[in-house]
There are 2 protein chains.
Amino acid sequence: MKIGELSERSGLSRDTIRLYEKNGLISSSASQSETNNYRDYSDDVLLQLRFVSSGREAGISISDLRELMKAFFGTCDPSEAENVIVAKMAELKERISQIENVIAFLAAALEKVRDGLHET
Amino acid sequence: MKIGELSERSGLSRDTIRLYEKNGLISSSASQSETNNYRDYSDDVLLQLRFVSSGREAGISISDLRELMKAFFGTCDPSEAENVIVAKMAELKERISQIENVIAFLAAALEKVRDGLHET
DNA sequence: CCAAACCATGGACCATGGTCTATTGTTCTA
DNA sequence: TAGAACAATAGACCATGGTCCATGGTTTGG
């Protein structure tokens, strides 16, 4: 499919898709036609983009995502891939616990605010 | 205390502290001395910075943190503060579930990679 | 008393992750 | 077949969150 359709279906802008491609998160083949240089994207790319975009939403950087994509579809050997994935999972879990700390702090603050309200 | 000590104790660079102050995350009083314009930071600021910096690590933007700080120490009324805090907690929980999605995806990918290894 | 260490300010600089625009070429459709 | 819609490329632009540097003033330890 061409970039317009991919954009439609992925919910990402053409510019963003091109950015991701330039950064090696996805790849495309040259168009079937010889008369243009339109990119042609396979259906797999759509799945890849879904992962990329949920990763981005979760705050994973483009370069980290590139490593993960390489690990998944990877030119690198499987044990190396395993390492990358395991490391990233640990990192994400750490991130979750950081967020949970902040939530706990907010919950405590909320208590105080509510107490303050009751006193009024 | 002066910014150098605050930097030491908070683990943040002077520049970062000044940035945060400029962005309204913390505040300082003018120095006791009249002969200079050094900033003077109370011990409370240290606690505030600890929160700010864990918030930053958790990926919360400076402007969001500013809203939270206002809610905590706030000039704004308590029920408004409550709203801000509750909203931010919900947002953070959403963020956690996004990250968990990614983790689940990675776990699945890991399975596949390991199966691949076994087949070899 | 003097140098080293500290402070404030402002602006330059950087990376990241996008968006927007202009230009040029291609395809689709009325 | 003309014009609208689409595509590629390059470069400018933007916000965010920091760091670094130059300047000039202040404090402090030896």
Side-chain angles (χ1 to χ4, degrees), chain A residues 1-42 45-46 48-69 88 91 95 98 102, chain B residues 1-42 45 48-49 51-69 88 91 95 98 102:
Chain A
M1 81 191 81
K2 284 181 293 185
I3 199 170
E5 185 184 346
L6 185 60
S7 170
E8 277 286 308
R9 295 222 262 160
S10 68
L12 298 172
S13 76
R14 291 165 167 79
D15 278 332
T16 298
I17 293 172
R18 292 198 184 103
L19 179 69
Y20 288 170
E21 181 165 9
K22 194 168 57 176
N23 281 280
L25 298 188
I26 56 171
S27 54
S28 61
S29 41
S31 169
Q32 309 88 335
S33 163
E34 302 297 322
T35 63
N36 64 31
N37 58 341
Y38 293 2
R39 299 291 187 172
D40 184 49
Y41 298 92
S42 71
V45 172
L46 190 55
Q48 293 169 25
L49 275 188
R50 286 203 223 286
F51 172 73
V52 164
S53 105
S54 61
R56 290 292 307 127
E57 274 167 34
I60 305 177
S61 74
I62 287 183
S63 60
D64 284 7
L65 285 172
R66 181 174 47 236
E67 277 206 54
L68 284 173
M69 299 307 277
K88 182 55 62 182
E91 213 175 286
R95 199 181 185 87
Q98 286 172 338
V102 175
Chain B
M1 82 190 81
K2 285 180 292 186
I3 200 171
E5 185 183 347
L6 185 60
S7 170
E8 278 286 308
R9 295 222 261 160
S10 67
L12 298 173
S13 77
R14 290 165 168 78
D15 278 331
T16 298
I17 292 173
R18 293 199 182 101
L19 178 69
Y20 288 170
E21 181 164 9
K22 195 168 56 174
N23 281 279
L25 297 188
I26 56 174
S27 54
S28 62
S29 40
S31 169
Q32 309 87 336
S33 164
E34 302 297 322
T35 63
N36 64 32
N37 58 343
Y38 293 2
R39 298 291 187 173
D40 184 48
Y41 298 93
S42 71
V45 173
Q48 293 169 24
L49 275 188
F51 172 72
V52 164
S53 104
S54 61
R56 290 294 305 130
E57 275 167 33
I60 304 177
S61 75
I62 286 183
S63 60
D64 283 6
L65 284 171
R66 181 174 47 236
E67 277 207 55
L68 284 173
M69 299 307 278
K88 182 55 63 180
E91 212 176 288
R95 198 180 185 87
Q98 286 172 337
V102 175

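Lettering follows sequence order; numbering is per chain, from 1.
For Arg18(B), no side-chain nitrogen or oxygen approaches OP1 or OP2 of dT9(C) to under 4.0 Å. Within the structure, a side-chain polar atom (N or O) of Ser13(B) is placed less than 4.0 Å from OP1 or OP2 of dT19(D). Close to dT27(C), at under 4.0 Å from its OP1 or OP2, lies a side-chain N or O of Thr35(A). The phosphate of dG18(D) (OP1 or OP2) has a side-chain N or O of Tyr20(B) nearer than 4.0 angstrom. Here Asn36(B) reaches the OP1 or OP2 of dT27(D): one of its side-chain N or O atoms lies under 4.0 Å away. Contact check, Arg14(A) against dC6(D): no side-chain N or O comes under 4.0 Å of OP1 or OP2.
Contacts of residues 50-57 of chain A with DNA chain D (heavy atom under 4.0 Å): none.
The distance between atom NZ of Lys22(A) and atom P of dA15(C), rounded to the nearest whole Å, is 14 Å.
In this structure, a donor-acceptor pair under 3.5 Å is present between the side chains of Glu21(B) and Tyr41(B).
Taken to the nearest 0.5 Å, the CG atom of Leu25(A) stands 10.0 Å off from the CZ atom of Phe51(A).
Residue contacts shown for Leu19(B) include a base, since a base heavy atom lies under 4.0 Å away.
For a distance-only test at 3.5 Å, the side chain of Tyr38(B) qualifies as a donor-acceptor partner of the base of dG25(D).
Judged by distance alone, the side chain of Ser54(A) and the main-chain N or O of Arg50(A) form a donor-acceptor pair under 3.5 Å.
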So Lys88(A) and Glu91(A), salt bridge (charged side-chain N to carboxylate O under 4.0 Å, His left out) or not? Walk me through it.
-> CA-CA 5 Å; Lys88(A) 182 55 62 182; Glu91(A) 213 175 286; 2.8 Å; yes
Report all side-chain donor-acceptor pairs from residues 11-19 of chain A shorter than 3.5 Å, counting only partners two or more places apart or in another chain.
unit_1   : atom_1 : unit_2   : atom_2 : d
Ser13(A) : OG     : Asp15(A) : N      : 3.4
Ser13(A) : OG     : Thr16(A) : N      : 3.0
Ser13(A) : OG     : Thr16(A) : OG1    : 2.9

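In terms of position along DNA chain D, the nucleotide closest to Ser63(B) lies nearer the 5' end than the nucleotide closest to the other residue of the pair Ser63(B) and Lys2(B).
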